[in-house]
Amino acid sequence: MSNYTPPTDDIRFVMNHVADLDGILATERFSHVDVDSIDAVIDEVARFMADEVAPTNVDGARIGSSWVAGENGERDHVVTPDSFKPAYDKWVASGFGAMPFDAEYGGADFPWITAIAVQELYTTSNMSLSLCPLLTQGAIDAIHAHGSDEQKNTYLPKMLTGEWTGTMNLTEPQAGSDVGAVTTKADPIEGRDDGAYAITGQKIYITYGDHDLAEQIVHLVLARTPGSAPGTKGISMFLVPKYLLNADGSLGERNGADVVSIEHKLGIHGSPTCVMQFEGAVGWLVGNENDGMRNMFTMMNNARLSVGLQGLSVSDRAFQQSLQYAQDRTQGTALGAAKGTSSPIIEHADVRRMLMTQRAWSDAMRCLVYTNAAALDRAVGATDVDDARSWRELADLLIPLSKSLCTDVSCEMTSIGVQIHGGMGYVEETGIAQHFRDARITPIYEGTNGIQAADLVGRKLAMRSGGVISDLLGTFELTVKQLADIDGLATFADRLGEAIATSRTATEHLLSIAGTDPRSLLAGSAPYLRLLGTTVCGGLLAKAAVAASNGADFDADFLAAKVTSAKFFGEQILPTATGLLPAITSNADDLFALSAELLL
């Protein structure tokens, strides 16, 4: 089982030479932040995560969180592994969680790309523990964007520090991805002048719906007010605290929100996935009545980028462990080794292939996620309306790519990690299986990857009639020309050019059928997302290779490794994407040709 080495140089390289950190800091919005301050944050967070959080990861898998039935008047509650709370308390004390948020409530107004760097380090150290602040940050965004001044002043300061945590409560037993089927009720409480509602219903899959890490939990709950319209148009968002507050802001009596069980899961055992029962719990509207879905999307889009980051993080942790194991494990005699000697398995070609695949995809995913975060920052920082719209469009386009591609790939990369370990990979003591199990949830939650693909072809493809996608591909065509002029990268340039051309063909086909054959449009959505996402990763890695080849401000060996990793992706991974075109352009007839009975 390997230790965790924070990839601080990899993070800095991508921030500076792919995601254009200088461009973000040049905006007036972030002019108070400088590169030296960001470097200091990355160094200190990396130290903290390696020393304090990474050692707790195995406890999350082997001990996990547990539900405890209340006795002698005590309410049912959740207990996390013993090592979690000390680590979390130190996280709260560090103040790093507040860094990207509004200074009015205790934040530092740093750009979101720096929060992504902190999240990567946290998630790679312990994905289960990191889910608590991840959900809290989404709740912070929703309250900040849609809450009243009183709600913001009351709840945000302690949520920013992590002293109080947050959740989002959407899913119900009968209402999963179909949020419009939600039935939880919100009835105005008669005789109260504070606009309070009584919330009644059950919510499932609530991450950190209860725990022992913080004294207060702020639930954001979707519910229906009396007489509301059916479907998503009749949903409102409510703030429901675990403890009601006294007039002085201190914690008062317990609210009617209880955890009645937690799920027994394939992975992320340290993160309690709760079934929450609301029995007349007191809550208050966040935003306007019937605007709940719109408000909740503030949380969901934030979370989708963070889940994409989880795909990167768990893949990188699996890669680090695989690399260490491949160096330590001896088996067989490698080509060129002295006869009769036992070679480290890293010397065997197929193990090298797997390790290079893991490394190249880690580099690619980091480029994609950080570029997505940078687009969000540029949209916020832009002063020109058209400029802001262009950056927002790019960010919106990249969200489903970041979420889906990174999480699908994480399942593949962690599986490769098990394969590299051979028989020992199937044995729990090595720890590599934990990463495989933890990764599997990421393509499912915060909108399944099928939903992300449908969003890509249903909404994002239509932006400026395909113009947003075309513009992005056009930027990579300029990179192809730069790449072709660098010794040793001409083949990469050719493969990238082919992928761009294939992506354009696929995009034009889907645009042509969008209004006439929606079934075939959706049938091609998943392979299209994989094609476009892989092409975008190839373009971003090409940008990285150009920067590294031109002598960016990093160690020469580090830069050479970046070029080699990008070249491997461009020549051996990127070409596989072009083979998806027939799956995209085929119609949906074969998908629906067999009845359910004939599928048996």
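For the numbers below, each heavy atom of this structure counts, side chains included, while hydrogens, waters and symmetry mates do not. Computed from a predicted structure; not experimentally measured.
- Here Asp553 pairs with His17 under the side chain to side chain contact (heavy atoms under 4.5 Å, CB included) rule; sequence neighbours left out.
- The CZ atom of Arg352 sits 11.5 Å away from atom CD1 of Ile345, with the distance rounded to the nearest 0.5 Å.
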Chi angles and distances behind the side chain to side chain contact (heavy atoms under 4.5 Å, CB included) call for Ile143, Leu220: CA-CA 9 Å; Ile143 295 170; Leu220 294 185; 4.2 Å; yes
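- Remark: the backbone N or O of Leu251 is paired with a side-chain donor or acceptor of Asn246 at under 3.5 angstrom.
- Within 6.0 Å of atom CD in Gln419, 12 or fewer heavy atoms from other residues, nucleotides or ligands are found, so the atom counts as exposed in its surroundings.
- With hydrogens and angles ignored, the 3.5 Å screen pairs no side-chain donor or acceptor of Glu44 with any backbone N or O of Phe96.
- Judged purely by atom type and a 3.5 angstrom limit, Thr407 uses its side chain to pair as donor or acceptor with the backbone of Ser404.
- Side-chain contact between Thr80 and Asp212 is present, with at least one heavy-atom pair separated by less than 4.5 Å.
- Summarising the geometry, atom SG belonging to Cys406 is positioned 6.5 Å from atom CG belonging to Leu312; distances are rounded to the nearest 0.5 Å.
- With contacts defined as side-chain heavy-atom distances shorter than 4.5 Å, the pair Phe84/His211 does not qualify.
- Here the side chains of Ser315 and Met365 are in contact, with some heavy-atom distance below 4.5 Å.
- Here the side chains of Asn153 and Tyr105 are in contact, with some heavy-atom distance below 4.5 Å.
- Pro7 approaches Tyr4 most closely through the heavy-atom pair CD-OH, 3.4 Å.
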For Thr56 and Asp59, run side chain to side chain donor-acceptor pair (under 3.5 Å): C-alpha distance rounded to whole Å, both residues' side-chain angles, the deciding distance at 0.1 Å, then the answer. CA-CA 5 Å; Thr56 70; Asp59 287 348; over 6 Å; no
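- For Asp51, the side chain to side chain contact (heavy atoms under 4.5 Å, CB included) partners two or more places apart in sequence, or in a different chain, are Arg47.
- Heavy atoms from other residues, nucleotides or ligands lying under 6.0 Å from NZ of Lys152 number more than 12.
- With sequence neighbours excluded, the residues satisfying side chain to side chain donor-acceptor pair (under 3.5 Å) with Asp39 are Arg12.
- Distance CG/Asn169 to OG1/Thr207: 10.0 Å, rounded to 0.5 Å.
- Of the possible polar contacts, none joining the Lys90 side chain to the Phe48 backbone as a donor-acceptor pair under 3.5 Å is found.
- Contacts of Leu266 classified as side chain to side chain contact (heavy atoms under 4.5 Å, CB included), with partners at least two apart in sequence or in another chain: Arg437, Arg440.
- Contact of the Val314 side chain with the Gln310 side chain is not registered, since no non-hydrogen atoms from C-beta on lie closer than 4.5 Å.
- Minimum heavy-atom separation, Asn449 to Asp408: ND2-OD1, 2.9 Å.
- Using a distance-only test at 3.5 Å, with no hydrogens or angles considered, a donor-acceptor pair links the side chain of Asp210 to the main chain of Val78.
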Distance-only check: which donor-acceptor pairs under 3.5 Å involve side-chain atoms of residues 539-550, not counting sequence neighbours?
| from | atom 1 | to | atom 2 | distance (Å) |
| --- | --- | --- | --- | --- |
| Lys543 | NZ | Val18 | O | 2.8 |
| Ser549 | OG | Ala545 | O | 2.8 |
| Asn550 | ND2 | Val546 | O | 3.2 |

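- The distance from atom NZ of Lys265 to atom CG of Asp438, rounded to the nearest 0.5 Å, is 9.0 Å.
- Within the 4.5 Å cutoff, the side chain of Ile346 has heavy atoms near those of the Leu323 side chain.
- Taking the six-membered ring where the residue is Trp, Phe569 and Trp361 present perpendicular rings, their angle passing 60° and hence far from 30°.
- Within a 6.0 Å sphere centred on CD of Glu150, other residues, nucleotides and ligands contribute 12 heavy atoms or fewer.
- At a threshold of 4.5 Å between non-hydrogen side-chain atoms, the residues Val259 and Met276 count as touching.
- Under the side chain to side chain contact (heavy atoms under 4.5 Å, CB included) criterion, Val418 pairs with Ile432, Phe436, not counting sequence neighbours.
- Ile113 pairs in a side-chain contact (heavy atoms from CB on, under 4.5 Å) with only one of the listed residues (Val369, Asp377, Leu25), which is Asp377.
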For Asp102 and His144, what are the C-alpha separation, side-chain angles and deciding distance, and is it a side chain to side chain donor-acceptor pair (under 3.5 Å)? CA-CA 9 Å; Asp102 193 335; His144 187 268; 2.9 Å; yes
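- In terms of heavy atoms, Arg366 sits closest to Asp10 at NH1-CB, 3.6 Å.
- Put simply, the side chain of Gln358 gets close to the backbone of Met413: a donor and an acceptor are under 3.5 Å apart.
- At least one donor-acceptor pair under 3.5 Å links the side chain of Gln321 to the backbone N or O of Thr430.
- With hydrogens and angles disregarded, no donor-acceptor distance shorter than 3.5 Å links the side chain of Lys203 to the backbone of Thr171.
- Looking only at atom types and distance, the side chain of Thr124 has no donor-acceptor partner in the side chain of Asp316 under 3.5 Å away.
- Aromatic ring orientation, Phe13 versus Phe558: perpendicular (interplanar angle above 60°, classes split at 30° and 60°).
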Would Asp258 and Asp76 count as a side chain to side chain contact (heavy atoms under 4.5 Å, CB included) here? Give the steps. CA-CA 7 Å; Asp258 285 287; Asp76 297 349; 5.6 Å; no
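- Inter-residue side-chain proximity for Tyr155 and Leu239 is flagged as met; some heavy-atom pair is nearer than 4.5 Å.
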Check step by step if side chain to side chain contact (heavy atoms under 4.5 Å, CB included) holds for Phe238 and Leu222. CA-CA 6 Å; Phe238 295 86; Leu222 292 189; over 6 Å; no
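- For the pair Leu213 and Tyr88, the tightest heavy-atom approach, listed with the atom from each and the gap, is O-CD2, 3.7 Å.
- Heavy atoms only, all atoms of each residue included: Ala360 and Ile573 are closest at CB-CD1, 4.2 Å.
- Residues Pro100 and Pro111 share a closest heavy-atom pair of CB-O, 4.5 Å.
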For the pair Trp112 and Leu305, evaluate side chain to side chain contact (heavy atoms under 4.5 Å, CB included) and give the outcome as yes or no after the intermediate values. CA-CA 11 Å; Trp112 194 250; Leu305 178 56; 4.3 Å; yes
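- How far NE2 of His77 is from CH2 of Trp67: 10.0 Å, rounded to the nearest 0.5 Å.
- Between the Gln452 side chain and the Gly447 main chain, a donor and an acceptor come within less than 3.5 Å of each other.
- Ser565 contributes no side-chain N or O that, together with a main-chain N or O of Lys562, makes up a donor-acceptor pair within less than 3.5 Å.
- Separating the CD1 atom in Ile444 from the OH atom in Tyr205 is a distance of 9.0 Å, to the nearest 0.5 Å.
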